[in-house]
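Quick notes on the structure that follows.
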Amino acid sequence: MKSRVLFLAMAVVFAFASSGMAAPIVIKFSHVVAVDTPKGQAAEYFKKLAEERSKGAVKVEVYPNSQLYKDKEEMEALQLGAVQMLAPSLAKFGPLGVREFELFDLPFIFDGYGDLHKVTEGAVGKKLLSKLEPKGILGLAYWDNGFKVMSANKPLRTPADFRGLKMRIQSSKILEAQMRALGALPQVMAFSEVYQGLQTGVVDGTENPPSNLYTQKMHEVQKFVTASDHGYLGYAVIVNKKFWDGLPADIRTILDDAMVDATKYANDIAKKKNDEDLASVKASGKSEIIILTPAERAEWKKALVKVHEAQADRIGADLIQEVYQATGFKK
Ligand code: LMR
């Protein structure tokens with residue numbers, strides 16, 4: 001089997017060499033979500049633009065759904081150069097040593113996509129991406145997903161409803177603090193394991209934007225989904241710096257332009273996709289959707305905004321102030 005693969009690989013190299021064509025530059029783009037999500041669709045769109053505009057000089061291989069690597073492994077793979085491009089959630093940069101990205105996890109810090117874009121497209125957004133360079137990583141763009149729902153097998157209407165529940169979180173200390181502020185027991189778990197974790201009762205509940213909940217079928221193993229919009233989940237598109245810097249200048253320009261267009265595409269479809277997927281969860285009849293009353297939401301906010309101050313040392317009080325100034329945040 002191995003010798004057959006080797007033979008085929010050699011035949012491909014030989015075919016390129018004898019045709020006078022250079023072998024394409026391959027970009028392996030690994031991610032953990034389904035194809036039919038804002039990130040999955042944007043990755044496919046980037047692939048299309050990059051391959052068309054480079055006239056085949058670049059080949060983008062997209063590996064969705066943790067096919068190639070799970071959350072933690074994909075960061076290591078990028079640094080080692082085993083993959084060239086990722087779009088991890090902003091909640092997953094702590095283990096890399098860049099914990100400032102966790103500011104995006106602060107509950108209720110953004111009142112909607114408008115507030116969020118003031119940060120991702122402004123000075124704070126740029127500053128955060130530049131913190132990746134000493135790690136051998138270049139940050140190219142921010143891609144939206146959306147605002148999170150909470151789910152469990154019991155209705156989650158007030159902070160007291162969370163008491164004692166094991167809630168799956170991404171690897172962010174801010175999310176850990178958020179769950180603790182609700183009296184829940186946070187449990188870090190790779191995204192690829194969440195469905196099974198919920199199904200078997202290893203965890204009782206979780207949070208994610210509707211697009212992730214629906215495409216992973218989490219709603220089939222959660223009886224209640226609260227449309228709380230209590231926090232944001234989005235991505236930074238990152239590349240291995242050595243690889244990117246080593247690209248021919250004309251190719252890099254094509255890819256940078258393709259990324260600008262793919263980012264616009266991602267951010268154009270994100271809200272619509274999440275709205276549609278929440279509607280699909282409802283239509284499935286498998287989970288009941290809970291809409292908080294303004295008074296209930298105010299109670300959540302009161303319990304959770306405390307996390308900003310309590311976690312100021314982790315993120316940086318100045319950085320949090322910069323975000324407040326950019327968005328006009330009021331407690
Ligand atoms: C999660 O782990 O819940 C998310 O970060 C998955 C993703 O990439 O959207």
Side-chain angles (χ1 to χ4, degrees), residues 29-44 46 62-75 77-78 83 85-96 98-99 101-105 107 116 120 139 141-152 166-176 178-179 184 186-198 202-219 221-222 225 228-238 262-263 266-267 269-271 273-274 277-278 281:
F29 186 162
S30 172
H31 69 81
V32 299
V33 295
V35 176
D36 195 15
T37 54
K39 174 162 68 178
Q41 290 294 297
E44 297 300 328
F46 173 74
V62 183
Y63 298 92
N65 253 325
S66 311
Q67 237 171 53
L68 208 51
Y69 296 109
K70 297 202 273 187
D71 296 322
K72 204 157 130 307
E73 303 159 356
E74 68 173 23
M75 284 289 198
L78 184 79
V83 294
M85 188 174 275
L86 305 173
S89 138
L90 300 164
K92 291 178 182 166
F93 286 82
L96 201 69
V98 195
R99 53 203 201 184
F101 280 97
E102 291 178 6
L103 78 82
F104 291 97
D105 301 327
L116 168 79
T120 51
Y142 291 96
W143 282 0
D144 288 348
N145 188 343
F147 289 84
K148 293 178 284 187
V149 299
M150 288 275 199
S151 67
K166 284 177 280 166
M167 297 295 286
R168 179 270 170 173
I169 55 163
Q170 307 172 81
S171 60
S172 155
K173 296 286 180 212
I174 302 299
L175 297 178
E176 191 179 315
Q178 169 196 272
M179 291 304 185
Q187 205 147 316
V188 175
M189 188 180 272
F191 184 66
S192 53
E193 287 159 17
V194 181
Y195 174 85
Q196 213 185 357
L198 293 168
V202 171
V203 283
D204 301 309
T206 190
E207 59 167 6
N208 235 303
S211 61
N212 280 346
L213 180 96
Y214 181 65
T215 53
Q216 296 297 320
K217 301 189 176 14
M218 293 178 202
H219 63 293
V221 287
Q222 295 276 267
V225 172
S228 45
D229 288 347
H230 61 280
Y232 172 75
L233 189 155
Y235 311 104
V237 185
I238 57 178
T263 300
N267 298 355
I269 63 169
K271 182 169 186 314
K273 193 86 194 63
N274 278 299
D277 287 350
L278 187 63
V281 170

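This chain uses plain numbering: 1 for the first residue, then up along the sequence. Both counts, for ligands and for their atoms, begin at 1 and track the order of listing. Side chains included, hydrogens not; waters and symmetry mates left out as well; all remaining heavy atoms used.
- At the shortest separation from atom 5 (O) of ligand 1 among protein heavy atoms lies Gln170 OE1, 2.6 Å.
- A donor-acceptor contact under 3.5 angstrom links the side chains of Tyr232 and Asp144, judged on distance only.
- Residues Val33 and Gly40 share a closest heavy-atom pair of CG2-N, 4.2 Å.
- The two residues Gly94 and Glu102 come nearest to each other via the heavy atoms CA-OE2, 3.7 Å.
- When non-hydrogen atoms are compared, ligand 1 lies under 4.0 Å from neither the backbone nor the side chain of Gln216.
- Taking a cut-off of under 4.0 Å to the non-hydrogen atoms of Arg168, the atoms of ligand 1 that pass are 1 (C), 2 (O), 3 (O).
- For Asp105 and Lys173, the salt-bridge test fails: no basic side-chain N is under 4.0 Å from an acidic carboxylate O.
- When hydrogens are left out, the protein atom nearest atom 9 (O) of ligand 1 is Tyr235 OH, 2.5 Å; that is the closest non-hydrogen contact.
- Looking at atom 1 (C) of ligand 1, its nearest protein heavy atom turns out to be Phe191 CD1, 3.3 Å.
- Residue Leu90 comes nearest to Phe101 through the heavy atom pair O-CB, 3.4 Å, listed as atom of the first residue, atom of the second, then distance.
- Considering backbone and side-chain atoms together, Asn212 places an N or O closer than 3.5 Å to an N or O of ligand 1.
- Regarding atom 8 (O) of ligand 1, its nearest protein heavy-atom neighbour is Lys39 NZ, 2.7 Å.
- Of all heavy-atom pairs between Val225 and Ser151, the closest is CG2-CB, 4.1 Å.
- At the shortest separation from atom 2 (O) of ligand 1 among protein heavy atoms lies Lys92 NZ, 2.7 Å.
- For atom 7 (C) of ligand 1, the nearest non-hydrogen atom of the protein is Val33 CG1, 3.3 Å.
- Closest non-hydrogen pair, Met85 versus Leu78, comes out as N-CD1, 3.7 Å.
- Within a 6.0 Å radius of CD in Gln67, more than 12 heavy atoms belonging to other residues, nucleotides or ligands are found.
- Residues Leu233 and Asn145 share a closest heavy-atom pair of O-CB, 3.1 Å.
- Looking at Asn145 next to ligand 1, no N or O pair under 3.5 Å apart turns up.
- Remark: ligand 1 atoms within the under-4.0 Å shell around heavy atoms of Leu233 are 4 (C), 9 (O).
- Distances from ligand 1 to the non-hydrogen atoms of Thr206 include no value under 4.0 Å.
- At a heavy-atom distance under 4.0 Å, no atom of Val194 approaches ligand 1.
- Atoms of ligand 1 found under 4.0 Å from any heavy atom of Ser89 (numbered from 1 in listed order, with element): 5 (O).
- For the atom pair CE of Met218 and OG1 of Thr206, the computed distance is 5.5 Å after rounding to the nearest 0.5 Å.
- Contact annotation for His31 and ligand 1: no heavy atom of the residue comes within less than 4.0 Å of the ligand.
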